[in-house]
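All remarks here apply to the structure that follows.
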Amino acid sequence: MIIATTDYIPGKQIKEYKGFVQGNTVQSKHIGKDIMASFKTIVGGEIKAYTEMMEEARQIAINRMIEETKQQGANAIIGVRLTTAAIMANTSEILSYDGTAVVVEEE
């Protein structure tokens with residue numbers, strides 16, 4: 001699956017536009033990780049548990065967008081954007097949006 005943040009894919013011709021696709025997930029860490037993260041905020045530095053959580057959430061959101069793209073019979077996604085938002089304490093949502101499922105020429 002080709003995924004691009006641009007409205008085109010260099011070297012590929014778009015044969016057909018299928019439609020809008022997106023994916024999202026809301027993730028949280030368990031209480032033990034939250035307690036350790038609280039201590040880290042006092043001394044500073046990267047909170048690796050949350051970095052890992054965000055990476056995992058991003059991959060889940062993108063995978064869901066890919067599955068939606070496949071269901072539409074497309075082989076690429078253009079115009080992809082990612083955003084994040086806090087839903088409630090200690091949770092975060094990752095949303096992959098603005099994607100357009102397209103069929104591009106096969107090599």
Side-chain angles (χ1 to χ4, degrees):
M1 181 69 59
I2 300 170
I3 302 173
T5 57
T6 57
D7 292 332
Y8 62 93
I9 300 168
K12 297 283 187 183
Q13 182 177 356
I14 295 173
K15 300 288 188 183
E16 184 180 356
Y17 289 85
K18 293 290 192 170
F20 174 78
V21 291
Q22 63 92 36
N24 75 309
T25 186
V26 176
Q27 298 281 94
S28 69
K29 283 291 183 192
H30 64 74
I31 189 71
K33 298 272 186 182
D34 285 339
I35 292 170
M36 295 306 293
S38 296
F39 291 130
K40 190 68 170 181
T41 61
I42 294 170
V43 297
E46 180 181 10
I47 303 172
K48 291 185 193 280
Y50 287 116
T51 300
E52 292 167 3
M53 178 188 76
M54 295 301 288
E55 173 60 30
E56 180 183 335
R58 184 176 67 86
Q59 199 56 55
I60 290 169
I62 291 170
N63 287 342
R64 289 179 177 166
M65 184 173 56
I66 289 170
E67 285 307 310
E68 194 172 314
T69 301
K70 288 177 181 176
Q71 289 174 3
Q72 291 188 25
N75 64 356
I77 311 166
I78 58 172
V80 173
R81 304 291 184 267
L82 295 170
T83 190
T84 184
I87 301 300
M88 55 187 269
N90 303 318
T91 67
S92 183
E93 177 186 39
I94 295 284
L95 175 64
S96 55
Y97 67 101
D98 277 356
T100 302
V102 296
V103 176
V104 296
E105 63 188 4
E106 295 290 332
E107 292 185 344

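Keep in mind it's a predicted model, so treat the numbers as computed, not measured.
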Practice item. State whether Glu67 and Arg64 are salt-bridged, where the test is any N-O pair (Lys NZ or Arg NE/NH1/NH2 against Asp/Glu carboxylate O) under 4.0 Å. Key: no
Exercise for review: Carefully, step by step, assess Ile78 and Ile14 under the rule side chain to side chain contact (heavy atoms under 4.5 Å, CB included).
Suggested key: CA-CA 10 Å; Ile78 58 172; Ile14 295 173; 3.8 Å; yes
Study note, to complete from the structure: All heavy atoms of Ile77 vs all of Met1, minimum pair found to be CG1-SD, 4.2 Å
Review point. From Ser96 OG over to Gln22 CD, what is the distance, rounded to the nearest 0.5 angstrom?
Key: 6.5 Å
Practice item. Answer with yes or no whether the hydrophobic clustering places Ile3 together with Val104; edges join I, L, V, M, F, W, Y residues whose side-chain heavy atoms lie under 4.5 Å apart. Key: no
Revision key, fill the gap. Note: Ala61 and Asn24 closest approach over all heavy atoms is CB-CA, 3.9 Å
Check your understanding: Around atom OH of Tyr8, are there more than 12 heavy atoms of other residues, nucleotides or ligands at under 6.0 Å?
Key -> no
Exercise for review: Would you indicate whether the side-chain heavy atoms of Glu56 and Glu52 approach each other to under 4.5 Å?
Suggested key: no
Review point. When you look at Thr51 and Glu55, which way does the side chain to side chain contact (heavy atoms under 4.5 Å, CB included) test go after all the steps?
Key: CA-CA 6 Å; Thr51 300; Glu55 173 60 30; 5.8 Å; no
Point to revise | Heavy-atom pair with the smallest gap, counting every atom of Phe20 and Asp98 | key: CE1-N, 3.5 Å
Exercise for review: Report the distance from atom CD1 of Ile94 to atom CE of Met53, rounding to the nearest 0.5 Å.
Suggested key: 8.0 Å
Review point. Taking all atoms of both residues into account, what is the closest heavy-atom pair of Gly73 and Lys18, and its distance?
Key: O-CE, 3.8 Å
Review point. So do the side chains of Val102 and Ile2 get within less than 4.5 Å of each other, counting heavy atoms only?
Key: no
Review point. Between Ala74 and Val103, what is the shortest heavy-atom contact and its length?
Key: CA-CG2, 3.9 Å
Practice item. Please round to the nearest 0.5 Å and tell me the distance separating atom CD of Glu93 and atom OG1 of Thr83. Key: 8.5 Å
Revision key, fill the gap. From the list Ile62, Thr5, Leu95, side-chain contact (heavy atoms from CB on, under 4.5 Å) with Leu82 holds only for Ile62
Study note, to complete from the structure: To the nearest 0.5 Å, atom CD1 of Ile9 lies from atom CD of Glu105 at 10.0 Å
